[in-house]
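The structure appears below as structure tokens.
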Amino acid sequence: MFEAKLQQGVIFKKIVDAIKDLVKSVNIDASTSGLSMQAMDSAHVALVSLKLNENGFKDYRCDRPITLGLSIENLSKILKCAGNDDTITLQTDEEEPSSLKFFFENQQASKISEFSLNLMSLDSESLGIPDTDYSSVIQMSSAEFSRICKELSSISETVEIETSKESVKFSVQGDIGAGSITVKNNQSDKDVDRVDLQIDQPVKLTFALRYLNMFNKAVSLSSTVSLNMSEENPLMVEYKIDDLGSLRFYLAPKISD
Amino acid sequence: MKQGTIKNFFGNS
């Protein structure tokens, strides 16, 4: 028996919205400790890693580990039928399920929707993501980071991110010209202005803005985002989801020819 | 510069 009930179903809707342009199909692994998912985009440039802890669910039961192979597009179609205030319950009784049941219930418990989504058997290629002590960690407003990426992507396809003890600089060079946006360490009380820099070693890496813009679809999951960088390492962009877990995106940097 | 891939950095587990 597997059953997971989310009090705020809208969070699940937002997660699926955030990853649906990046990955087409995923294996969600359910275990006693919660749900996890890892998937790469078709070009293998970016990787999505989702972890949802059992404690974050209103009800959670998973008697034995199961793998749920899902088409994100089809999952998204079903989740469109859930209201933003609904609870969402995922359920299956089978040991090797061929479908996953969904229950959506509104706050008054006056409307209950039930769907079943056919599952797929997917070859999963799980990569060992090393635990990394990142040499530059930037925590800032997710909306502000999203705005910077969007603005710069009209000038160039790539952005160079360079950290120093005091600031982080986003630089672009394009056909029309060049520019940069520098964000300084700022211990403001207001979330939108606050920028926390933890720089053990400065780094300078270049990334494709197209992917960063896709990651930023997760902006509604968290008011802050953390950018974790080390030389010769993929950028890790993390959105923490309250008590539930985290959605992480990894992006391989541009490398020398 | 060329685009790196995740596999350039993370190995198979």
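The figures here come from the full heavy-atom set of this structure, side chains too, leaving out hydrogens, waters and symmetry mates. Remember, predicted model here, so these are calculated numbers, not experimental data. Each chain gets a letter, A, B and so on, in the order the sequences are listed, and its residues count up from 1.
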Evaluate whether atom CD of A:Q173 has more than 12 neighbouring non-hydrogen atoms of other residues, nucleotides or ligands under 6.0 angstrom away. no
Can you tell if the side chain of B:I6 reaches within under 4.5 Å of the side chain of A:V45, non-hydrogen atoms only? no
Nearest-0.5 Å distance, NE2 of residue A:H44 to CZ of residue B:F10: 14.0 Å
If you draw a 6.0 Å radius around NZ in A:K150, do more than 12 non-hydrogen atoms from other residues or ligands fall strictly inside? no
Taking everything shown except A:K20 itself, do over 12 heavy atoms lie less than 6.0 Å from its NZ? yes
I need the B:T5 OG1 to A:L47 CG distance, nearest 0.5 Å. 11.0 Å
Heavy-atom cut-off 4.5 Å, strictly under: side chain, backbone, both or neither for A:T158 against chain B? neither
About how many Å separate CD of B:Q3 and CZ of A:F207, when rounded to the nearest 0.5 Å? 9.5 Å
Leading residue by heavy atom contact count with chain B [cutoff under 4.5 Å; candidates A:A208, A:A43, A:A46]: A:A46
Got a sec: does the CG of A:D63 have more than 12 other heavy atoms crowding it under 6.0 Å? yes
Let me check something: any side-chain donor-acceptor pairs from residues 250-257 of chain A under 3.5 Å, sequence neighbours excluded? List them with distances.
{"unit_1": "A:D257", "atom_1": "OD1", "unit_2": "B:K2", "atom_2": "N", "d": "3.3"}
{"unit_1": "A:D257", "atom_1": "OD2", "unit_2": "B:M1", "atom_2": "N", "d": "3.4"}

